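Let me begin by presenting the structure, written as C-alpha coordinates, before commenting on it.
Keep in mind it's a predicted model, so treat the numbers as computed, not measured.
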Amino acid sequence: MGSEGPKAVVIHVTGFKKFQGVALNPTETIVNKLKDYVAKRGLPAGVTLGSCTVLETAGDGARDMLYQTLESSTATNTMNAEKNEPVVVWLHLGVNSGAMKFAIERQAVNEATFRCPDEMGWQPQNCPIILEDGGTTSARETCCSIDEILKLLKKKGFDVTISDDAGRFVCNYVYYHSLRYAQQKGHRSLFVHVPLFSRIDEETQMQFVASVVEAIGSTC
(Lines give C-alpha, C1' and ligand atoms only; values in the text may rest on other atoms or scores of the structure.)
Protein backbone atom coordinates (compact mmCIF):
# COMPACT_ATOMS: atom_id res chain seq x y z
CA MET A 1 0.00 0.00 0.00
CA GLY A 2 1.21 3.50 -0.80
CA SER A 3 1.78 6.15 1.82
CA GLU A 4 -0.92 8.68 2.52
CA GLY A 5 -0.74 12.01 0.75
CA PRO A 6 -0.55 15.40 2.48
CA LYS A 7 -3.37 16.31 4.84
CA ALA A 8 -6.16 18.29 3.16
CA VAL A 9 -6.45 21.82 4.56
CA VAL A 10 -9.10 24.31 3.45
CA ILE A 11 -8.46 27.93 4.46
CA HIS A 12 -11.24 30.50 4.29
CA VAL A 13 -10.26 34.16 4.50
CA THR A 14 -12.17 37.27 5.55
CA GLY A 15 -11.35 40.98 5.59
CA PHE A 16 -13.27 44.15 6.38
CA LYS A 17 -14.71 47.11 4.53
CA LYS A 18 -13.91 50.72 5.39
CA PHE A 19 -14.70 52.19 8.79
CA GLN A 20 -14.37 55.48 10.63
CA GLY A 21 -10.87 56.86 10.15
CA VAL A 22 -9.89 54.24 7.53
CA ALA A 23 -11.37 55.11 4.14
CA LEU A 24 -9.37 52.36 2.39
CA ASN A 25 -9.13 49.16 4.37
CA PRO A 26 -6.17 47.16 3.05
CA THR A 27 -7.81 43.89 4.06
CA GLU A 28 -10.66 44.53 1.61
CA THR A 29 -8.15 44.90 -1.23
CA ILE A 30 -6.14 41.87 -0.12
CA VAL A 31 -9.15 39.57 0.19
CA ASN A 32 -10.61 40.68 -3.15
CA LYS A 33 -7.32 39.94 -4.94
CA LEU A 34 -6.20 36.88 -3.00
CA LYS A 35 -7.72 34.12 -5.15
CA ASP A 36 -6.07 35.39 -8.35
CA TYR A 37 -2.82 36.06 -6.52
CA VAL A 38 -2.67 32.58 -5.02
CA ALA A 39 -3.68 30.97 -8.32
CA LYS A 40 -0.58 32.47 -9.96
CA ARG A 41 1.68 31.75 -7.01
CA GLY A 42 0.44 28.24 -6.21
CA LEU A 43 -0.08 26.53 -2.87
CA PRO A 44 1.54 23.52 -1.20
CA ALA A 45 0.04 20.11 -1.93
CA GLY A 46 -3.14 19.50 0.02
CA VAL A 47 -3.79 23.17 0.79
CA THR A 48 -6.82 24.86 -0.77
CA LEU A 49 -7.91 28.48 -0.56
CA GLY A 50 -11.63 28.40 0.12
CA SER A 51 -13.96 31.38 0.33
CA CYS A 52 -12.69 34.96 0.39
CA THR A 53 -15.23 37.28 1.99
CA VAL A 54 -15.26 40.96 2.88
CA LEU A 55 -17.31 41.65 6.01
CA GLU A 56 -19.02 44.82 7.18
CA THR A 57 -16.98 46.55 9.86
CA ALA A 58 -19.76 46.06 12.38
CA GLY A 59 -20.47 43.95 15.43
CA ASP A 60 -23.96 43.03 16.54
CA GLY A 61 -25.65 44.37 13.39
CA ALA A 62 -23.46 42.20 11.15
CA ARG A 63 -23.44 39.08 13.36
CA ASP A 64 -25.97 37.22 11.19
CA MET A 65 -23.83 37.93 8.12
CA LEU A 66 -20.77 36.56 9.90
CA TYR A 67 -22.51 33.32 10.85
CA GLN A 68 -23.97 32.93 7.36
CA THR A 69 -20.42 33.15 6.05
CA LEU A 70 -19.12 30.59 8.54
CA GLU A 71 -22.01 28.18 8.02
CA SER A 72 -22.10 28.34 4.21
CA SER A 73 -18.50 27.22 4.01
CA THR A 74 -19.13 24.52 6.59
CA ALA A 75 -21.86 23.09 4.37
CA THR A 76 -19.51 23.11 1.37
CA ASN A 77 -16.79 21.27 3.27
CA THR A 78 -19.17 18.73 4.79
CA MET A 79 -19.90 17.30 1.35
CA ASN A 80 -16.23 16.32 0.99
CA ALA A 81 -15.65 15.32 4.60
CA GLU A 82 -15.91 11.57 4.02
CA LYS A 83 -13.50 11.71 1.12
CA ASN A 84 -10.56 13.64 2.57
CA GLU A 85 -11.59 14.89 6.04
CA PRO A 86 -10.18 18.38 5.47
CA VAL A 87 -8.90 20.55 8.26
CA VAL A 88 -10.97 23.75 8.06
CA VAL A 89 -9.26 26.98 9.07
CA TRP A 90 -10.70 30.50 9.26
CA LEU A 91 -8.13 33.24 8.64
CA HIS A 92 -9.47 36.68 9.53
CA LEU A 93 -7.61 39.83 8.47
CA GLY A 94 -8.02 43.22 10.09
CA VAL A 95 -6.15 46.51 9.91
CA ASN A 96 -4.35 48.23 12.77
CA SER A 97 -3.96 51.76 11.45
CA GLY A 98 -1.24 52.59 13.97
CA ALA A 99 0.90 49.50 13.37
CA MET A 100 4.25 49.33 11.60
CA LYS A 101 4.40 45.53 11.39
CA PHE A 102 2.16 42.46 11.06
CA ALA A 103 0.66 40.84 14.17
CA ILE A 104 -0.66 37.31 14.74
CA GLU A 105 -3.35 37.44 17.40
CA ARG A 106 -3.15 34.70 20.02
CA GLN A 107 -6.58 35.29 21.56
CA ALA A 108 -9.84 37.20 21.66
CA VAL A 109 -11.49 38.54 24.81
CA ASN A 110 -15.20 38.38 25.63
CA GLU A 111 -15.50 42.16 25.72
CA ALA A 112 -16.91 44.73 23.30
CA THR A 113 -15.84 48.28 24.10
CA PHE A 114 -15.87 50.16 20.80
CA ARG A 115 -13.79 53.34 20.66
CA CYS A 116 -16.15 54.69 18.00
CA PRO A 117 -19.49 53.56 16.53
CA ASP A 118 -19.19 50.70 14.05
CA GLU A 119 -20.50 51.06 10.49
CA MET A 120 -24.02 50.26 11.67
CA GLY A 121 -23.91 52.80 14.49
CA TRP A 122 -23.36 50.41 17.42
CA GLN A 123 -20.96 51.47 20.18
CA PRO A 124 -21.04 49.06 23.12
CA GLN A 125 -19.08 49.77 26.29
CA ASN A 126 -17.81 46.96 28.52
CA CYS A 127 -20.34 44.45 27.13
CA PRO A 128 -19.78 40.68 27.06
CA ILE A 129 -19.72 39.44 23.46
CA ILE A 130 -21.33 36.13 24.46
CA LEU A 131 -23.37 36.42 27.66
CA GLU A 132 -23.28 32.72 28.47
CA ASP A 133 -19.47 32.69 28.32
CA GLY A 134 -19.29 34.71 31.53
CA GLY A 135 -17.71 38.08 32.18
CA THR A 136 -15.64 40.38 30.04
CA THR A 137 -12.36 38.90 31.28
CA SER A 138 -13.05 35.53 29.63
CA ALA A 139 -10.84 34.77 26.64
CA ARG A 140 -10.52 32.17 23.89
CA GLU A 141 -7.17 31.19 22.35
CA THR A 142 -6.46 29.96 18.85
CA CYS A 143 -5.42 26.33 18.47
CA CYS A 144 -3.31 27.17 15.41
CA SER A 145 0.44 26.62 15.81
CA ILE A 146 1.25 30.30 15.97
CA ASP A 147 4.84 29.91 17.19
CA GLU A 148 5.64 27.71 14.20
CA ILE A 149 3.74 30.04 11.86
CA LEU A 150 5.75 32.97 13.24
CA LYS A 151 9.04 31.16 12.59
CA LEU A 152 8.09 30.40 8.99
CA LEU A 153 7.07 34.00 8.32
CA LYS A 154 10.19 35.45 9.94
CA LYS A 155 12.32 33.05 7.90
CA LYS A 156 10.82 34.68 4.80
CA GLY A 157 11.86 38.10 6.08
CA PHE A 158 8.52 39.51 7.24
CA ASP A 159 8.36 41.89 10.18
CA VAL A 160 5.77 40.07 12.27
CA THR A 161 5.06 39.47 15.94
CA ILE A 162 2.61 37.61 18.17
CA SER A 163 0.07 39.79 19.97
CA ASP A 164 -2.05 38.98 23.01
CA ASP A 165 -4.42 41.92 22.51
CA ALA A 166 -6.69 42.14 19.46
CA GLY A 167 -8.30 45.28 20.87
CA ARG A 168 -11.94 45.50 21.87
CA PHE A 169 -13.36 46.72 18.54
CA VAL A 170 -14.87 44.75 15.64
CA CYS A 171 -11.71 42.69 14.99
CA ASN A 172 -11.80 41.22 18.49
CA TYR A 173 -15.60 40.82 18.25
CA VAL A 174 -15.40 38.78 15.04
CA TYR A 175 -12.42 36.77 16.28
CA TYR A 176 -14.18 35.81 19.50
CA HIS A 177 -17.27 34.60 17.62
CA SER A 178 -15.07 32.72 15.13
CA LEU A 179 -12.99 31.00 17.82
CA ARG A 180 -16.16 29.89 19.58
CA TYR A 181 -17.71 28.64 16.34
CA ALA A 182 -14.50 26.86 15.34
CA GLN A 183 -14.33 25.06 18.67
CA GLN A 184 -17.93 23.89 18.30
CA LYS A 185 -17.35 22.63 14.74
CA GLY A 186 -13.87 21.19 15.17
CA HIS A 187 -12.34 23.90 12.99
CA ARG A 188 -9.49 26.33 13.62
CA SER A 189 -9.47 30.12 13.61
CA LEU A 190 -6.73 32.72 13.42
CA PHE A 191 -6.74 36.51 13.27
CA VAL A 192 -3.92 38.58 11.76
CA HIS A 193 -3.61 42.36 11.91
CA VAL A 194 -1.93 44.20 9.03
CA PRO A 195 -0.80 47.84 8.78
CA LEU A 196 -2.03 50.43 6.30
CA PHE A 197 -0.61 50.30 2.77
CA SER A 198 1.14 53.59 3.55
CA ARG A 199 3.23 51.69 6.12
CA ILE A 200 3.76 48.42 4.22
CA ASP A 201 3.00 48.44 0.49
CA GLU A 202 0.28 46.36 -1.15
CA GLU A 203 2.56 43.88 -2.93
CA THR A 204 4.44 43.06 0.29
CA GLN A 205 1.15 42.57 2.10
CA MET A 206 -0.14 40.26 -0.64
CA GLN A 207 3.05 38.23 -0.34
CA PHE A 208 2.65 38.15 3.42
CA VAL A 209 -0.95 36.92 3.44
CA ALA A 210 -0.18 34.26 0.82
CA SER A 211 2.71 33.17 3.03
CA VAL A 212 0.38 33.03 6.05
CA VAL A 213 -1.93 30.72 4.11
CA GLU A 214 1.03 28.51 3.23
CA ALA A 215 2.30 28.53 6.82
CA ILE A 216 -1.10 27.57 8.21
CA GLY A 217 -1.34 24.75 5.70
CA SER A 218 2.08 23.37 6.60
CA THR A 219 1.49 23.49 10.36
CA CYS A 220 -1.96 21.86 10.54
Pair Arg199, Thr204: side-chain N/O donor-acceptor within cut-off below 3.5 Å: no
Approximate separation, where rounding is to 0.5 Å, of Ser51 OG and Ile11 CD1: 11.5 Å
Minimum-distance pair of heavy atoms, taken over all atoms of Cys171 and Gly94: SG-CA, 4.0 Å
Side-chain donor/acceptor of Lys155 to backbone N/O of Leu150, under 3.5 Å: no
Lys33 NZ: over 12 foreign heavy atoms closer than 6.0 Å: no
Cluster link Tyr181 to Met65, ILVMFWY, side chain under 4.5 Å: no
Side chain to side chain donor-acceptor pair (under 3.5 Å) evaluation trace for Arg41 with Ser211: CA-CA 10 Å; Arg41 178 186 174 105; Ser211 296; 3.1 Å; yes
Side chain proximity check, Val194 to Ile200, heavy atoms < 4.5 angstrom: no
Trp90 CH2 to Cys144 SG distance, which is reported to the nearest 0.5 Å: 13.0 Å
Over 12 non-hydrogen atoms of neighbours within 6.0 angstrom of NZ in Lys35: yes
Glu111 side chain vs Ile129 backbone, donor-acceptor pair below 3.5 Å: no
Short side-chain donor-acceptor distance under 3.5 Å, Asp118 and Tyr173: no
Between CD on residue Gln207 and OH on residue Tyr37, distance to nearest 0.5 Å: 4.0 Å
Test item: Ser138 side-chain N/O and Asp133 main-chain N/O as donor-acceptor pair under 3.5 Å: yes
Distance in Å, Asp36 CG paired with Met206 CE, rounded so as to fall on 0.5 Å steps: 9.0 Å
Any donor-acceptor N/O pair, Asn172 side chain to Val109 backbone, under 3.5 Å: yes
Test side chain to side chain contact (heavy atoms under 4.5 Å, CB included) applied to Thr57 and Val95, Val174, Val170, Val22, the passing residue: Val170
Salt bridge (charged side-chain N to carboxylate O under 4.0 Å, His left out) between Asp60 and Arg63, worked out: CA-CA 5 Å; Asp60 189 63; Arg63 184 175 52 190; 3.3 Å; yes
Shared hydrophobic cluster, Met120 / Val54 (ILVMFWY, side-chain heavy atoms < 4.5 Å): no
Glu214 vs Leu43 side-chain heavy atoms within contact, under 4.5 Å: yes
Heavy-atom check, side chain of Tyr175 versus side chain of Leu190, under 4.5 Å: yes
Set of side-chain contact (heavy atoms from CB on, under 4.5 Å) partners for Ser218, sequence neighbours left out: Leu152
Under-4.0 Å salt bridge between Glu56 and Lys17: yes
Heavy-atom closest contact (Tyr176 atom, Arg140 atom, distance): OH-NE, 3.5 Å
Distance (rounded to the nearest 0.5 Å) between Thr53 OG1 and His92 NE2: 10.0 Å
Flag, side chain of Thr27 to backbone of Phe16, donor-acceptor distance under 3.5 Å: yes
Euclidean distance, Gln184 CD relative to Leu179 CG, rounded to 0.5 Å: 11.5 Å
Residue pair Ser189 / Ser178, side-chain donor-acceptor N/O under 3.5 Å: yes
Shortest non-hydrogen separation from Gln205 to Phe197 and the atoms involved: NE2-CD2, 3.6 Å
Gln107 side chain vs Asp164 backbone, donor-acceptor pair below 3.5 Å: yes
Least distance between heavy atoms, Lys18 atom then Ala23 atom: CB-O, 3.4 Å
Whether Phe208 and Phe158 hold their rings parallel, tilted or perpendicular, with breakpoints at 30° and 60°: perpendicular
Validation row: Pro195, Phe102 side chains within 4.5 angstrom (heavy atoms): yes
Flag, side chain of Glu202 to backbone of Pro26, donor-acceptor distance under 3.5 Å: no
Ser163-His193 side chain donor-acceptor pair, cut-off 3.5 Å: no
